[in-house]
Number of protein chains: 4
Amino acid sequence: MNDTKEAWIEELLKGDGAGGKMTEKQSRIVESAIEVFAEKGYAASSTSEIAQRAGVAEGTIFRHYKTKKDLLLAIVAPAMTKLIAPFVLRGFNKVLDSEYDSYDQVLRAMIENRIEFLQKNRNILKILLQEIPFHPEMQERFQRDVLGIVLERLQRIVAKFQGQGRMAELPSSTVVRLSISAIMGYIAVRTVYGEREDAVWDDEREREETIRFVMRGLGLA
Amino acid sequence: MNDTKEAWIEELLKGDGAGGKMTEKQSRIVESAIEVFAEKGYAASSTSEIAQRAGVAEGTIFRHYKTKKDLLLAIVAPAMTKLIAPFVLRGFNKVLDSEYDSYDQVLRAMIENRIEFLQKNRNILKILLQEIPFHPEMQERFQRDVLGIVLERLQRIVAKFQGQGRMAELPSSTVVRLSISAIMGYIAVRTVYGEREDAVWDDEREREETIRFVMRGLGLA
Amino acid sequence: MNDTKEAWIEELLKGDGAGGKMTEKQSRIVESAIEVFAEKGYAASSTSEIAQRAGVAEGTIFRHYKTKKDLLLAIVAPAMTKLIAPFVLRGFNKVLDSEYDSYDQVLRAMIENRIEFLQKNRNILKILLQEIPFHPEMQERFQRDVLGIVLERLQRIVAKFQGQGRMAELPSSTVVRLSISAIMGYIAVRTVYGEREDAVWDDEREREETIRFVMRGLGLA
Amino acid sequence: MNDTKEAWIEELLKGDGAGGKMTEKQSRIVESAIEVFAEKGYAASSTSEIAQRAGVAEGTIFRHYKTKKDLLLAIVAPAMTKLIAPFVLRGFNKVLDSEYDSYDQVLRAMIENRIEFLQKNRNILKILLQEIPFHPEMQERFQRDVLGIVLERLQRIVAKFQGQGRMAELPSSTVVRLSISAIMGYIAVRTVYGEREDAVWDDEREREETIRFVMRGLGLA
DNA sequence: TATGAATGAGTCTTCATTCAT
DNA sequence: AATGAATGAAGACTCATTCAT
């Protein structure tokens with residue numbers, strides 16, 4: 001359940017989907033686009049501003065991406081892939097068998113892993129979140145390639161723990177939902193409040209309480 | 001904790017912020033705007049399409065709303081007010097004192113009340129959700145008038161139950177967060193899956209399991 | 001076989017296809033478009049230049065014509081209609097019966113009538129001629145609505161004269177072709193040379209010789 | 001009055017105006033340009049499409065032709081030269097003296113010779129026809145190098161026949177005009193209808209009737 | 001010689017907004 | 001109050017042309 005951890009954006013910037021290497025200008029275009037899209041939203045972003053921030057001519061953008069939407073997809077598509085990376089790693093089955101003795105370890109790992117990911121890819125994820133409702137192709141792909149895979153894997157993990165002990169009375173999909181809700185609620189609040197200087201947010205404690213809450217809620221503690 | 005329950009949109013349509021009554025054309029403009037904004041997003045919506053759907057001339061919109069953004073705010077601002085309506089009702093203090101004997105009743109009431117609200121105001125809430133990140137004034141107002149008030153009220157409720165019994169070891173803000181996470185997770189999944197014909201979503205059961213999960217998680221059951 | 005003779009462009013400028021009246025600005029747009037298209041060709045004309053010459057904002061063009069091509073069609077389509085006007089006049093059958101005793105009268109009438117038309121509509125016809133090869137819809141319409149009708153009428157006239165006397169040995173379509181070739185050759189040269197100050201072009205004589213040539217060529221004189 | 005008959009395009013492709021040989025890429029550029037220009041018109045053609053069809057890089061075109069217009073002229077200029085080739089052949093004077101005993105032989109030769117030429121060079125002639133009206137230099141050159149020469153030669157031929165017999169009453173320029181009109185009308189219709197499978201176009205007969213028509217029209221038969 | 005990334009002026013088109021009626 | 005013609009700034013995108021490699 002570990003990610004590659006290095007900033008995969010760099011990878012994204014080094015190679016396009018076709019495997020070719022990106023020129024330096026192309027990288028700057030993608031970086032600027034991520035910035036501007038995240039800041040103003042896709043529809044309200046102008047290619048001219050992206051070009052300006054990237055320090056290239058507007059035409060240069062269209063040499064690399066036929067349309068503005070292609071540029072969006074070039075950003076969002078690999079993000080989806082990376083989003084599920086930890087769940088499709090070749091070692092994943094081993095995880096199922098051995099790595100975690102207790103469900104709270106699974107929860108802790110998920111939190112740590114995805115928090116790191118979120119921090120590194122905040123802008124891209126913001127774009128993803130904002131644009132999915134307006135682009136059916138993105139929706140479909142997200143449903144199929146992200147939700148589908150992740151939920152299936154998580155349900156298998158849950159099923160394994162259910163086989164060993166309690167929480168048998170709940171469908172595994174329900175367990176997954178309740179677990180994810182708690183984690184996402186924790187991450188969301190942490191994202192908003194956890195970075196303020198004046199914050200009274202004891203991250204260590206909040207995380208542990210969240211995990212304990214889920215464990216108790218599922219009858220595991 | 002009860003809402004007015006009737007479609008308050010009608011109210012919105014009958015009176016503008018200044019207390020005046022809306023003409024029929026103005027109502028049609030607002031209705032169309034809600035539709036179009038929800039469908040395409042604010043930035044990608046054109047006033048001309050809104051006018052067309054409303055069956056009015058392009059200029060008419062600007063007779064009632066100085067700018068496109070004013071039209072957005074005229075939709076979104078009352079939505080915020082209504083969003084917190086149940087928490088600011090004059091009878092709210094009584095709620096604190098008497099209405100609910102047990103925390104699971106609070107949870108159940110929140111779920112029922114807000115689900116109904118969501119169903120009636122899906123489009124408006126979609127707009128709210130989508131646009132808040134891009135409009136600082138909306139953000140600020142949401143923070144102050146919605147989050148601030150709702151959280152404060154909820155924390156007072158929680159504090160009351162904490163005073164009476166267990167879950168003392170958790171800060172009330174944490175309790176609120178965990179409760180809301182679970183509820184929103186339930187509502188979100190329900191919104192997506194709960195309406196499919198082929199769905200294997202037993203709404204009654206999922207809701208009760210969610211409530212039981214929270215109660216157990218908080219050490220109340 | 002007489003045309004309405006007044007400058008039908010004015011009609012074109014007064015009413016759009018739907019029968020509505022044109023505003024003054026719209027008229028100026030069409031006029032300028034005719035000028036510019038004739039001068040530079042459709043593809044090399046820019047809407048911004050058309051707007052400038054018309055003294056309107058560029059956006060105004062697109063209020064009246066959804067696309068640049070629509071503007072072209074709005075010019076070209078009525079031209080086709082007018083091009084065949086003399087052949088579809090209600091009185092046309094009478095023409096067949098009575099008006100012309102001898103084929104040379106037909107030729108003379110065609111020349112006079114179409115020369116006048118050409119002079120008044122030079123630019124539009126230039127556009128028609130230039131653009132037809134690149135727009136299949138225009139081609140099709142021209143084939144069907146112009147060529148088809150005109151040739152059929154002319155063949156009927158020719159057939160009538162064939163029934164009365166000689167030139168029986170030629171198919172009527174061949175007679176029509178030969179007649180039109182001669183007339184168009186005359187008109188073409190006249191158009192180029194006939195207007196030069198230094199020209200040694202005796203119009204009256206050239207026309208009569210052309211008619212006589214055709215008559216003799218068909219064995220009628 | 002005989003042409004070289006082989007596809008002179010190959011010559012065009014082998015040598016540029018300066019007498020140098022063309023590389024294979026340059027040939028492919030010219031070929032593609034002819035195709036694209038003929039298909040879409042000069043103004044609507046893009047150098048990038050030409051490059052693509054030719055299988056060369058965009059920049060390569062500009063290594064051989066400084067501008068897009070230069071490329072056009074490199075195609076059109078030699079076409080004009082070839083167009084008049086039969087009239088400037090060194091043996092032309094002999095033609096005047098001997099080759100043709102009767103004017104109908106002249107007409108027949110012109111038809112055969114130019115039809116062949118047209119078939120081989122349809123695209124280039126289409127370009128010529130389409131672009132001449134928009135390029136004054138081309139116009140001027142056409143007027144001077146093509147029309148001027150051809151008409152003068154034809155008038156000399158006509159004058160010779162006039163000296164021998166009848167048609168004395170017409171100016172030789174008029175005779176040329178009438179002859180060419182008939183021939184071009186024949187070729188035009190043939191070009192359009194003569195290739196349809198379902199056509200009722202008896203080419204042999206139409207050609208002979210056309211010649212007979214001219215001869216009779218000129219009082220020669 | 002050939003390449004193809006880069007350019008930036010220019011294209012058609014859209015859009016929020018104004019204003020005379 | 002309502003209209004809708006008019007605006008012009010801005011948008012996405014194209015294209016002939018240049019130039020470092």
Side-chain angles (χ1 to χ4, degrees), chain A residues 22-26 28-29 43-52 54-71, chain B residues 22-26 28-29 43-52 54-71, chain C residues 20 22-26 28-29 43-52 54-71, chain D residues 22-26 29 43-52 54-71:
Chain A
M22 271 186 171
T23 68
E24 195 229 331
K25 300 218 171 194
Q26 196 171 356
R28 289 214 310 272
I29 289 170
S45 300
S46 79
T47 51
S48 92
E49 179 172 359
I50 293 169
Q52 218 169 335
V56 303
E58 206 173 348
T60 307
I61 292 179
F62 292 94
R63 181 152 283 279
H64 294 289
Y65 306 95
K66 268 166 74 73
T67 65
K68 187 185 163 193
K69 183 151 189 189
D70 277 4
L71 177 54
Chain B
M22 270 187 173
T23 67
E24 197 229 331
K25 298 213 173 194
Q26 197 171 356
R28 288 213 311 271
I29 288 170
S45 300
S46 80
T47 52
S48 92
E49 179 173 359
I50 294 169
Q52 215 173 330
V56 303
E58 292 184 54
T60 306
I61 291 179
F62 294 91
R63 200 139 286 282
H64 297 287
Y65 306 94
K66 261 170 75 73
T67 65
K68 185 185 167 192
K69 183 150 189 191
D70 278 1
L71 177 54
Chain C
M22 272 185 170
T23 67
E24 196 228 331
K25 300 217 172 196
Q26 196 171 355
R28 289 214 308 272
I29 288 170
S45 301
S46 79
T47 52
S48 94
E49 178 172 1
I50 293 170
Q52 218 169 333
V56 303
E58 206 172 347
T60 306
I61 291 179
F62 292 92
R63 182 150 282 279
H64 295 289
Y65 305 94
K66 271 166 73 73
T67 64
K68 187 186 165 192
K69 183 150 187 189
D70 276 4
L71 177 53
Chain D
M22 272 185 171
T23 69
E24 197 227 333
K25 296 212 173 197
Q26 197 171 356
I29 289 170
S45 300
S46 79
T47 51
S48 92
E49 180 173 359
I50 294 169
Q52 215 172 331
V56 303
E58 291 185 53
T60 306
I61 291 178
F62 293 91
R63 201 140 284 283
H64 296 287
Y65 306 94
K66 260 169 74 73
T67 66
K68 187 185 167 194
K69 184 150 188 190
D70 278 2
L71 177 54

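Chain letters run A, B, ... following the sequence lines, proteins first and then strands; every chain starts at 1. Just so you know, these numbers use all the heavy atoms, side chains as well, and skip hydrogens, waters and symmetry mates.
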How long is the line joining CD1 of A:Ile61 and P of E:dA5, in whole Å?
16 Å
Can you check whether A:Thr23 has a side-chain N or O nearer than 4.0 Å to OP1 or OP2 of E:dG4?
no
Output the rounded distance in Å from CD1 (C:Ile29) to C1' (F:dA5).
10 Å
Side chain to side chain donor-acceptor pair (under 3.5 Å) against D:Arg63, all qualifying residues, sequence neighbours excluded:
none
Would you mind building the protein contact string for nucleotides 16-21 of chain E? One character per nucleotide, 5' to 3', B for base within reach (heavy atoms under 4.0 Å), S for sugar-phosphate only, - for untouched.
BBB-B-
Whole Å only: how far is the CG atom of A:Leu71 from the P atom of F:dA12?
11 Å
Trace of the side chain to side chain contact (heavy atoms under 4.5 Å, CB included) decision for C:Thr23 with C:His64:
CA-CA 10 Å; C:Thr23 67; C:His64 295 289; 4.3 Å; yes
Kindly compute the distance separating CD (D:Gln26) from CD1 (D:Ile61), expressed to the nearest 0.5 Å.
11.0 Å
Hey, is the side chain of D:His64 poking within less than 4.0 Å of OP1 or OP2 on E:dT1, counting only N and O atoms?
no
A:Lys25 NZ to E:dG8 P, straight-line distance once rounded to whole Å
9 Å
Would you kindly give the CD1-to-C1' distance between A:Ile50 and F:dA10, to the nearest whole Å?
15 Å
Counting only heavy atoms not in D:Lys69, do more than 12 sit closer than 6.0 Å to its NZ atom?
yes
Rounding to a whole Å, what distance do you find between A:Gln52:CD and F:dA12:C1'?
16 Å
Exactly one of A:Leu71, A:Asp70, A:Thr47 clears side-chain contact (heavy atoms from CB on, under 4.5 Å) with A:Phe62, and that residue is A:Thr47
Output yes when at least one side-chain N/O atom of A:Thr60 is less than 4.0 Å from OP1 or OP2 of E:dT7, else no.
yes
Could you spell out the base pairing of DNA chain F as a dot-bracket line? Use Watson-Crick and G-U wobble contacts where both distances are under 3.5 Å, [ ] for crossing pairs, | for partners on a different strand.
.||||||||||||||||||||
What heavy-atom pair brings D:Ala43 and C:Ala43 nearest, and what distance separates the two atoms?
CB-CB, 3.8 Å
